[in-house]
Amino acid sequence: MAREFAIAVDELQQDQAVRVVIDGVPVAIVKDGQGEIHAIGDTCSHGAVSLAEGFVEGDTLECWAHGSAFSLKTGIPENLPAFEPVPVFVVEIEDGNVYIDPTVTKVVK
Ligand code: FES
């Protein structure tokens with residue numbers, strides 16, 4: 001599958017997450033405090049709620065329900081109760097738009 005349009009860069013505010021659904025895959029698009037844009041699976045691995053409704057803290061997205069903070073770079077939760085990672089996706093920016101391929105996740109070591 002090819003990359004898909006996710007959102008215009010102008011629609012993203014610093015330290016905020018926006019939920020988009022691409023080919024049925026819910027993704028949180030996040031602009032962090034440094035202005036870097038991330039794409040992370042939008043379903044918390046603990047309680048299946050939307051992470052985009054949570055809080056951007058540094059380079060993590062914190063779940064609003066029970067407070068697990070997921071790394072925007074790896075998808076790995078940094079604290080309980082979640083212990084399973086969520087996927088992170090490669091982001092491409094072109095002509096002021098954000099594109100991702102929801103079938104291609106980053107390889108995290
Ligand atoms: S639902 Fe996200 S930490 Fe519990």
Side-chain angles (χ1 to χ4, degrees):
M1 184 174 295
R3 69 181 191 173
E4 302 265 353
F5 170 80
I7 194 168
V9 172
D10 287 350
E11 294 179 66
L12 297 168
Q13 296 185 5
Q14 205 153 319
D15 286 329
Q16 287 198 335
V18 176
R19 175 186 170 93
V20 298
V21 178
I22 301 174
D23 291 333
V25 179
V27 179
I29 309 293
V30 180
K31 187 175 186 180
D32 69 19
Q34 314 301 315
E36 190 174 348
I37 295 172
H38 307 268
I40 183 169
D42 189 43
T43 305
C44 180
S45 62
H46 177 243
V49 301
S50 171
L51 290 174
E53 295 175 21
F55 316 98
V56 179
E57 297 283 349
D59 61 356
T60 67
L61 181 56
E62 182 180 321
C63 182
W64 59 269
H66 307 112
S68 286
F70 294 82
S71 166
L72 293 169
K73 297 183 187 305
T74 67
I76 297 171
E78 297 186 348
N79 56 305
L80 295 171
F83 58 88
E84 295 284 345
V86 295
V88 286
F89 304 96
V90 176
V91 171
E92 293 180 20
I93 301 184
E94 189 176 304
D95 297 331
N97 293 316
V98 178
Y99 296 88
I100 69 163
D101 183 338
T103 66
V104 179
T105 55
K106 286 185 185 177
V107 176
V108 177
K109 298 184 180 176

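Atoms within each ligand, like the ligands themselves, are counted from 1 in listed order.
Annotation for Phe83: atom CZ does not count as buried by contact number, only 12 or fewer foreign heavy atoms lying within 6.0 Å. Heavy-atom contacts from other residues, nucleotides or ligands closer than 6.0 Å to CD of Gln34 number 12 or fewer.
No path of Ile, Leu, Val, Met, Phe, Trp and Tyr side chains, each step under 4.5 Å between heavy atoms, connects Ile40 with Leu12, placing them in separate hydrophobic clusters. A continuous path of ILVMFWY side-chain contacts below 4.5 Å connects Ile22 to Ile93, so both sit in one hydrophobic cluster.
Every atom of ligand 1 with a heavy atom of Gly47 under 4.0 Å away is listed here by number and element: 1 (S). In summary, the atoms of ligand 1 found under 4.0 Å from a heavy atom of Cys44, numbered by their order in the structure, are 1 (S), 2 (Fe), 3 (S). Close approach of ligand 1 to Ala65 is summarised as follows: ligand atoms under 4.0 Å from at least one heavy atom of the residue are 1 (S).
For the 3.5 Å distance criterion, the side chains of Ser68 and Asn79 fail to qualify, holding no donor opposite an acceptor.
When distances to atom 2 (Fe) of ligand 1 are checked against a cut-off of 2.8 Å, His46 contributes no N, O or S atom below that limit. Residue Cys63 counts as close to atom 2 (Fe) of ligand 1, with an N, O or S atom under 2.8 Å.
Looking at His66 and atom 4 (Fe) of ligand 1 together, the shortest N, O or S contact belongs to ND1.
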